[in-house]
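Notes follow once the structure below has been shown.
Below, all heavy atoms of this structure are taken into account, side chains as well, without hydrogens, waters or symmetry copies. Below, chain A is the first sequence line, B the second, and so on; all start at residue 1. Here the structure is a predicted model, which means the values were calculated and not measured.
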Amino acid sequence: MSPTTTEIGLREVLLALIAELLGEKALERGGIVLEAPPRADFGDYSSNAALLLAQHAGTAPRALAQRLGEALAQRLGGQLDHYEIAGPGFLNLFLADQWHHAALWQVLSEGERFGGGQASCPERIVVEFVSANPTGPMHVGHARNAAYGDALARVLAFHGHTISREFYVNDAGTQIHKLGASVIALMQGREVPEDGYHGEYMHALADSVKAQLADSPQAQVEPRNVGTVAVSLLLRTMRQSLDRFGVHFDHWAYESELHGGHPSAVDQVLGVLEQHGHTYSKDGALWLKTTDFGDDKDRVLVRSGGEHTYFASDIAYHQDKRERGFDRQIDVWGADHHGYVARMKAAYQALGGDSDELEMLTMQLVHLVRSGERAQMSKRAGEFVTLEELIAEIGVDAARWFLLSRSHDTTVDLDLDLAREQSSDNPVYYVQYAHARIASVLQKVGSERVGRTLEATPPGRAGAEQPLEAAERALVKKLLAFPAEVGEAAARRGPHRLTAYALELAQAFTAFYRDCRVVGAEPATVESTRIALCVACQSTIARCLDLLGVSAPREM
RNA sequence: GCGCUCGUAGCUCAGCUGGAUAGAGCAUCGGACUUCUAAUCCGAGGGUCGCAGGUUCGAAUCCUGCCGGGCGCGCCA
């Protein structure tokens, strides 16, 4: 099959022509795009190449566009219907139905791989996300973090990278002591200390800890010990919740392990920093000179009392990830951590790392909206909406979809009423419904007929001469946009783009379904083309939903 | 006060490494149902892209200032 059949292929042809006409150097000028223009009368694809290269070529933009157009028309032959020069020098391409047919079969021939594996430079990437403190249940903010981190990991993996998902467990330090003290207080029927953990879940937790430690009364009064038991119980439920949410981790990294051994990982990393002269002592504490690397003040690593700060553990954890050989580290953090980015990047450089290899993405807040009113989450224990409650109320699919439909750096309003609605007003149901509808159509067609269509070799794929309906062309083009969407979603760390794309694709299919009957279409070649469209569209919708972690039901 | 971030339709948000008449969903209004799943579809209205300058052939997009919202500024985690 000719490489000119896909959107990407077209771009390659165009670039090759430019190199031939103007020399390789012309391509060094970036920004040349070939994209679906905003209006249909600007053609199927449009390029700004002439605008950008006119100066280099020493000709007027429109004249250069004309040259490119002529050369392209010669190269593409019957696949190009015609081209136009528009505005200041845009080259607009109007592709023939023959091209659309070829492109559709190209999509089908790629099968499961369609849109994936395009990363030009595959990397080993560790994505650390959620990492909720194991001192209480996860709330809606964690749900967003989980949905985002997981979808990002899926997108990056599909794009061609090797991904490890990690959850960093803060199971050391004073908070565990506090948790233990709080549980002990409850077990003994006392009030929870002022600075302890309150909240409804603590009572059930205390009961569970008590049951676990029933046969060792002494162990029930040691805060650190009780805290550790409580953490393991909480972690178990967190893991279960995440499991139900469709989020799985490859590795659970425990902060406590960074403190074990002689010397511990933390001690070792402090040694490295000291050795490179990035630390100093002041007021009895050990400081890291993060200001040398762009932070606005230096940070404490070891407090004057001798305890390590959380920061010190975190540096050790990032060093550990470096030593495990990842090319890139992505941390997905809560909104309240954004002030932490500069110091962590500084520390990473102090370790000898390249700060570009470390990306810290901070998630903005989630507001729940119910009956048009914002249900603010309170930080006060016990009043937040938990991940479990969110799943119970709107289900995993809707929860993930809505949490993922916005960019991670903007606050999101989650409308619980809309999310729960099972109608076309609800985007997630609309997309799933399109998928189920295709499954139904294909079932009506029959697997034997579908198989016959897909197995036909190119010459047997008659129908390439059949003119296409507008809705068919539009659907082919929407399908072809998928690889670029995946590429953008991966490059910009923005899986939310795929929710928008999935909706557009579902809309394109629905328009096609309205205008073009599939089952029994005459002649058989037309039916074959439509079956092919259904198959390609179904698998692309399914792929999109899978990348988002949303199910793609075959019937609804 | 300092730092980061956001400000786009009535609402929630895309678009932001500069491109043509700024998009989607919801809401509103007007239409369509002897269908391959109506859990649907078609159409319409709705915008000084916070404000003001600057850069240029061209700015929602880049730069500066201002206004407004959010978050963070500990030898807490």
- Please name all residues satisfying side chain to side chain donor-acceptor pair (under 3.5 Å) with A/H159, sequence neighbours left out, ordered by chain then number. none

- Mind running a 4.0 Å heavy-atom check of residues 87-94 of chain A against RNA chain B and sending the residues that fall below it, in number order? A/F90, A/N92

- Taking only residues two or more places apart in sequence or in another chain, which ones pass side chain to side chain donor-acceptor pair (under 3.5 Å) with A/S355? none

- Query: According to a 3.5 Å limit on both distances, what stems of 3 or more consecutive Watson-Crick or G-U pairs are formed with RNA chain B?
  - Reply: B:1-7 with B:67-73, B:10-13 with B:23-26, B:28-32 with B:40-44, B:50-54 with B:62-66

- Can you list the residues that meet the side chain to side chain donor-acceptor pair (under 3.5 Å) rule with A/D298, with sequence neighbours excluded? A/Y280, A/T291

- Message: Taking salt bridge (Lys or Arg N to Asp or Glu O under 4.0 Å) as the cut-off, I'd like each qualifying pair that reaches into residues 396-410 of chain A, sequence neighbours left out, listed once.
- Response: A/D150-A/R400

- Task: For A/T135, check side chain to side chain donor-acceptor pair (under 3.5 Å) against everything at least two apart and list the hits.
- Result: none

- Message: According to ring-ring contact (aromatic ring centres under 6.0 Å, His included), does anything in residues 405-445 of chain A pair up with another residue at least two apart or in another chain? List the pairs.
- Response: A/Y148-A/H408

- Message: Show every salt bridge (Lys or Arg N to Asp or Glu O under 4.0 Å) that has at least one partner inside residues 299-318 of chain A, sequence neighbours left out.
- Response: A/D295-A/R299, A/D296-A/R299, A/R303-A/E307

Atom pairs, protein N/O to nucleotides 22-26 of chain B N/O, distance under 3.5 Å:
unit_1: B/G25; atom_1: OP1; unit_2: A/Q507; atom_2: NE2; d: 2.9

- Message: Among residues 279-289 of chain A, which ones have heavy-atom contacts with RNA chain B below 4.0 Å?
- Response: A/K282, A/D283, A/A285, A/W287

Check: protein-nucleotides 58-61 of chain B nitrogen or oxygen pairs below 3.5 Å:
none

